[in-house]
Number of protein chains: 2
Amino acid sequence: MTEQAALRAPRQDNRRRQLLAAAARRFAHQGFRATTIRDIAGDAGMLPGSLYYHFASKNDLLLAVYEEGVRRIAANVDRAAAGAADPWARLEAACTAHLETVLDRSDYAQVIVRVLPQDAQKVSDRLIALRDEYEGRFVRLVDDLALPNPSDRRNLRLLLLGALNWSQVWYRPAGDTPSAIARQFTRYFRRALERPEEVR
Amino acid sequence: MTEQAALRAPRQDNRRRQLLAAAARRFAHQGFRATTIRDIAGDAGMLPGSLYYHFASKNDLLLAVYEEGVRRIAANVDRAAAGAADPWARLEAACTAHLETVLDRSDYAQVIVRVLPQDAQKVSDRLIALRDEYEGRFVRLVDDLALPNPSDRRNLRLLLLGALNWSQVWYRPAGDTPSAIARQFTRYFRRALERPEEVR
DNA sequence: CAATGTACCAAACAACTGTTTGTTTTTTTA
DNA sequence: TAAAAAAACAAACAGTTGTTTGGTACATTG
């Protein structure tokens, strides 16, 4: 029972990361269910069964992509926010980083927006937890704003993040750049919020 | 060649509509690819093969759901907009009707938001055309607004519709009602737009 | 260099998928 | 009420799916 298996470091030529990258690209571009194990394994130049040496199931693979996605987008957002002085600039910087990452920079992050947790029932709880952990940053960013009418910060955040995330549906590289879109969106957002609501 | 097949009216108990309703419910709640022909046929109380008497393929079934969805949500939006006097009230009424239909009232309409055209490659062109036809209403509604800075109406529309549509992801019946959400969203929207952009 | 675990191959499996086919039941209509 | 069309059944098909199994090449390490 107590016999310890001799552990050895993974090989140099380990292709786990290639599989993960291929999965992220496929999940991001064609969705979770439309992507087959054969697609992913083929992209990484191996046979379908070999993938199971690295990942226990397709669901686990999605979970791994999600984790990497959160890691990347969170790092980008945190770095951007840290470079801004006041709360409004922080929010705008965070939104820009969010959108750039999702639209341009990371298939991993795109998966978080595109693939719904319910697509992988058995790991959906953990997917939701990952989403929540990431979005907590925006809760705090919005909380820090000095608003004339501070109620309904929740709806405001949902409005902004929703508009940003939905851009994945209509965004085409030919049009405005992600940062231009983010800048414009947050500017409207700011104008809406800095102006106190008039009594009707 | 000219022999005319004797046409007869469909039966009274035609179950085509039941199939369509079942498909709409399934597509709306679990997505297109996760829904099987057996699910839908079973919901309507028939065997999988029997479905093909009414619909040529799963794709065609989705197309029919989409068409019905556009018909319903467009009717709701048009009716709401027609009852409002000025352009801003029209837009707000339209948004409210849109959101209520998508969140509460119609599985058919929910499918339009939830199921991406690329999920059914062979009919994706027609799905996109249906979406565009519907969204054209909002193009016109936004065009009618008197804006201090009338540029970028497109981005404004995308922002608003995106925020509305994304609510499908986080909406829970326990919280705010769809109309409350829509009212709040459009109010922010209006405040953002009525205020001229300051020169920096 | 020998041995040990890593990483992959090769082949299959069982379940599920959309769809087709031939037949039967049910309803309508003349 | 008999003929004809409509609507469903019953059963299968062919392809795809995620996954498993047993074997093997290779890199790493003592």
Side-chain angles (χ1 to χ4, degrees), chain A residues 3-24 26-27 30-65 111 115 118-124 127, chain B residues 3-24 26-27 30-66 115 118-124 127:
Chain A
E3 41 191 338
Q4 185 77 5
L7 287 181
R8 188 186 282 184
R11 278 196 213 160
Q12 298 289 347
D13 62 342
N14 194 321
R15 301 230 296 262
R16 189 182 195 273
R17 295 204 66 80
Q18 294 180 49
L19 282 172
L20 209 61
R26 290 281 187 173
F27 291 162
Q30 49 188 42
F32 180 65
R33 292 198 108 96
T35 300
T36 70
I37 295 292
R38 282 162 181 80
D39 287 336
I40 300 167
D43 289 350
M46 60 172 72
L47 293 178
S50 308
L51 183 147
Y52 287 84
Y53 177 78
H54 298 280
F55 299 96
S57 69
K58 193 187 177 188
N59 285 344
D60 275 17
L61 182 49
L62 175 63
L63 182 58
V65 170
V111 172
V115 177
Q118 59 165 302
D119 277 351
Q121 295 278 9
K122 294 192 176 174
V123 292
S124 64
L127 299 183
Chain B
E3 40 191 338
Q4 185 76 3
L7 288 180
R8 186 186 280 186
R11 279 194 210 161
Q12 298 288 350
D13 64 339
N14 194 322
R15 300 228 297 261
R16 190 182 194 273
R17 296 204 66 79
Q18 294 180 47
L19 283 171
L20 209 62
R26 291 281 187 170
F27 291 161
Q30 50 188 38
F32 180 65
R33 293 197 108 97
T35 301
T36 69
I37 294 292
R38 282 164 181 81
D39 287 336
I40 300 167
D43 289 349
M46 60 171 72
L47 294 177
S50 309
L51 182 147
Y52 288 84
Y53 178 78
H54 298 281
F55 299 95
S57 69
K58 192 188 178 189
N59 284 344
D60 275 19
L61 182 50
L62 175 62
L63 182 58
V65 169
Y66 244 74
V115 178
Q118 59 164 306
D119 278 350
Q121 294 278 11
K122 293 193 177 175
V123 293
S124 64
L127 299 183

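A note on names: the letters A, B, ... follow the listed sequences, proteins ahead of strands, and every chain is numbered from 1. Keep in mind that this is a model prediction, so the values were computed, not measured.
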Colleague: Distance from B/Lys58 atom NZ to B/Lys122 atom NZ, nearest 0.5 Å?
Modeller: 13.5 Å
Colleague: Mark up nucleotides 11-23 of chain D, 5' to 3', with B wherever a protein heavy atom is under 4.0 angstrom from a base atom, S wherever such an atom reaches only the sugar-phosphate, and - elsewhere.
Modeller: -B----BBBB---
Colleague: Just how far, in rounded Å, is C1' of C/dT20 from CZ of B/Phe55?
Modeller: 18 Å
Colleague: What nucleotide, of C/dA7, D/dA6, D/dA8, holds the atom closest to the side chain of B/Tyr53?
Modeller: D/dA6
Colleague: Using whole Å, report how far CD of B/Gln18 lies from C1' of D/dA7.
Modeller: 13 Å
Colleague: How about B/Pro48 and B/Arg38: do any of their side-chain heavy atoms sit closer than 4.5 Å?
Modeller: yes
Colleague: Using whole Å, what does the distance between atom P of nucleotide D/dC26 and atom CZ of A/Arg15 come to?
Modeller: 13 Å
Colleague: Rounded to the nearest angstrom, tell me the gap between atom CG in A/Leu19 and atom C1' in C/dA7.
Modeller: 11 Å
Colleague: Give the rounded distance in Å between these two atoms: CG of A/Leu47 and C1' of C/dA7.
Modeller: 12 Å
Colleague: Is there side-chain contact between B/Leu61 and B/Leu51, with heavy atoms separated by less than 4.5 Å?
Modeller: yes
Colleague: Can you check whether A/His54 has a side-chain N or O nearer than 4.0 Å to OP1 or OP2 of C/dT6?
Modeller: no
Colleague: Tell me: CE of B/Met46 to C1' of C/dT26, nearest whole Å?
Modeller: 13 Å
Colleague: So, OP1 or OP2 of C/dT6: does either fall under 4.0 Å of a side-chain N or O from A/Asn14?
Modeller: no
Colleague: Let me confirm one number: the CZ-CG distance from A/Arg33 to A/Leu62, rounded to the nearest 0.5 Å.
Modeller: 11.0 Å
Colleague: Return the CG to CD1 distance between A/Leu20 and A/Ile40, rounded to the nearest 0.5 Å.
Modeller: 9.5 Å
Colleague: Distance check, rounded to the nearest 0.5 Å: B/Phe55 atom CZ versus B/Arg16 atom CZ?
Modeller: 4.0 Å
